[in-house]
Amino acid sequence: MSENGKTFEESHFHLYDFPTVSIPRLSHLNPDTDRLISEMKPVVLTDTELVASAQKWNLDYLEKNIGPGSYTVYLSNNKKFKYFDESKIREHNLNFTPPTERIEMKFWDFAERLRNWKDGEKRMYLQQPLNDTVGKNMVDDFLSFNWNWIARQKKENNWGPLTSNLLLISTPGNITPVHYDEQENFFAQIHGYKRFILFSPDCYDKLYPHPVWHPHDRQSQVDFDVPQYDKFPKFHDISGQEAVLGPGDVLYLPMYWWHHVETVQHGDYAVSLNFWYKSGPSGKITYPLQGFQKMAVMRNIEKMLVETLKDVNEVGPLLQALVEGRYT
Ligand SMILES: O=C(O)C(=O)C[C@H](CCCc1ccccc1)C(=O)O
Ligand SMILES: [Zn+2]
């Protein structure tokens with residue numbers, strides 16, 4: 001498959017059993033692009049120049065210009081970096097074993113370890129919101145982003161404020177397992193290549209999310225490498241959309257869309273920057289509700305039940321009693 005002028009063999013990607021189609025790759029000047037965004041459908045924009053001033057953000061440049069701040073780096077003994085919310089571990093004092101180790105590093109330390117990284121060693125994933133501790137050159141790069149274009153997108157789609165720009169630097173082969181976020185996202189690829197597999201919010205019944213109170217809230221329980229079809233039978237019917245992003249590509253990743261992200265194997269490290277926006281007011285609700293709205297409804301029901309029952313172990317049995325014999 002050749003994307004962004006680069007060709008890849010199968011060995012560059014993890015192979016899964018479900019079918020996928022390609023996410024459209026369009027110019028930002030194509031009217032279909034703004035239509036897809038307004039319909040909350042994914043699209044790869046090939047020429048926004050959104051972060052053109054960051055094309056020079058390789059390890060050397062970042063090491064020289066990112067400043068003295070500390071950076072959150074996850075370490076994994078395998079390829080997966082399944083996100084977990086540490087606050088939920090304490091809140092429900094669960095005996096939860098984090099799947100990855102989180103450490104704080106200075107950038108020069110991370111850069112050095114990444115330069116010397118060899119396949120087979122612990123994989124690393126730097127994940128840190130950009131903040132005002134970065135050096136002057138990077139502030140200038142940031143100010144030179146194509147804010148006109150993205151501000152128009154925010155306005156035309158009635159989004160809320162930009163909440164953060166997450167800087168992501170990953171070793172080849174890293175996987176962020178399938179999950180959804182509750183914010184709109186323009187994902188800008190700066191260095192290296194990343195493969196996204198997306199699933200519509202309507203797939204919520206096929207991806208079996210963890211409970212809302214669980215540290216893996218918003219993540220799927222299904223391990224794509226070992227899908228337990230007995231536990232998760234509906235996963236069998238899933239199908240997705242995929243794209244490989246290269247430098248300069250921007251993926252519109254709509255709120256509540258499930259996504260699995262891989263840093264292409266046997267290649268270079270990857271540098272990405274996302275733009276997370278709060279959603280705007282929902283406006284006129286039309287019926288029947290769409291998939292993402294049903295996900296929000298289910299989240300609210302789970303939250304209300306935990307609040308009311310005070311014991312997370314009582315939520316399942318009560319919901320079971322509510323459904324059995326009435327709705328089955
Ligand atoms: O931009 C996005 O939404 C992604 O999922 C990009 C993903 C890393 C995100 C890490 C993460 C996952 C869940 C909660 C908070 C942070 C990647 O590029 O590997
Ligand atoms: Zn995400």
Side-chain angles (χ1 to χ4, degrees), residues 13-14 23 40 42 44-45 50-51 54 57 71-76 78-89 98-102 123-130 150 159 162-201 203-204 207 209-210 212 214-221 224 240-247 249-265 267-279 292 295 299:
F13 307 121
H14 295 84
I23 298 172
M40 293 180 77
V44 176
L45 298 106
L50 176 60
V51 295
W57 286 11
Y71 286 81
T72 298
V73 177
Y74 292 93
L75 303 176
S76 175
N78 57 53
K79 297 184 174 179
K80 294 190 182 77
F81 288 79
K82 188 167 182 178
Y83 172 80
F84 58 94
D85 180 340
E86 297 197 43
S87 67
K88 295 190 176 179
I89 304 174
T100 57
E101 182 189 351
R102 178 174 65 78
R123 280 185 163 74
M124 304 181 286
Y125 215 139
L126 182 146
Q127 303 184 354
Q128 176 75 39
L130 274 190
I150 206 166
W159 289 351
L162 172 70
T163 57
S164 66
N165 292 97
L166 191 63
L167 177 65
L168 299 159
I169 306 179
S170 50
T171 40
N174 285 15
I175 294 175
T176 296
V178 64
H179 69 279
Y180 67 89
D181 301 295
E182 294 178 276
Q183 300 197 57
E184 298 287 0
N185 184 352
F186 275 117
F187 185 98
Q189 187 55 23
I190 291 169
H191 182 98
Y193 290 80
K194 270 183 173 175
R195 178 210 194 184
F196 275 76
I197 311 176
L198 269 56
F199 306 89
S200 148
C203 290
Y204 63 80
L207 283 167
H210 285 271
V212 162
H214 192 280
H216 284 325
D217 174 26
R218 293 186 289 115
Q219 326 287 310
S220 167
Q221 296 178 76
F224 279 9
Q241 305 182 33
E242 70 173 287
V244 177
L245 301 187
D249 289 338
V250 172
L251 168 68
Y252 168 54
L253 179 46
M255 179 173 64
Y256 285 104
W257 274 68
W258 296 89
H259 45 288
H260 157 106
V261 193
E262 304 177 15
T263 302
V264 172
Q265 298 181 113
D268 208 349
Y269 62 89
V271 179
S272 319
L273 188 72
N274 76 14
F275 292 68
W276 263 324
Y277 285 84
K278 277 205 185 317
S279 68
F292 79 94
M295 287 170 77
R299 291 184 62 81

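Remember, predicted model here, so these are calculated numbers, not experimental data. When a ligand or atom number is given, it counts from 1 through the structure's own listing order.
When V44, I190, V250 are each tested for a side chain to side chain contact (heavy atoms under 4.5 Å, CB included) with L245, only one passes: V44.
Every protein residue with a heavy atom nearer than 4.0 Å to ligand 1 is included here: Y83, Y125, Q127, L168, T176, H179, D181, N185, F187, K194, R218, H259, V261, N274, W276.
One N or O on the side chain of N165 and one on the backbone of N274 form a donor-acceptor pair closer than 3.5 Å.
Residues F186 and W159 bring their aromatic ring centres within 6.0 Å.
Partners of W276 under the ring pair (Phe, Tyr, Trp, His ring centres under 6.0 Å) rule, at least two apart in sequence or in another chain, do not exist in this structure. Listed by chain and residue number, nothing satisfies the ring pair (Phe, Tyr, Trp, His ring centres under 6.0 Å) test with Y74 (two or more places apart in sequence, or in another chain).
Annotation: protein N, O or S atoms under 2.8 Å of the Zn ion (ligand 2) (waters excluded) comprise H179 NE2, D181 OD2, H259 NE2.
Of all the heavy atoms in E262 and H260, the pair that sits closest is OE2-NE2, 2.8 Å.
Between R299 and D217, at least one side-chain N (NZ, or NE/NH1/NH2) sits under 4.0 Å from a carboxylate O, which counts as a salt bridge.
A side-chain N or O of K82 and one of H210 form a donor-acceptor pair less than 3.5 Å apart.
Atom-to-atom distance recorded for M255:CE and M40:CE is 4.0 Å, nearest 0.5 angstrom.
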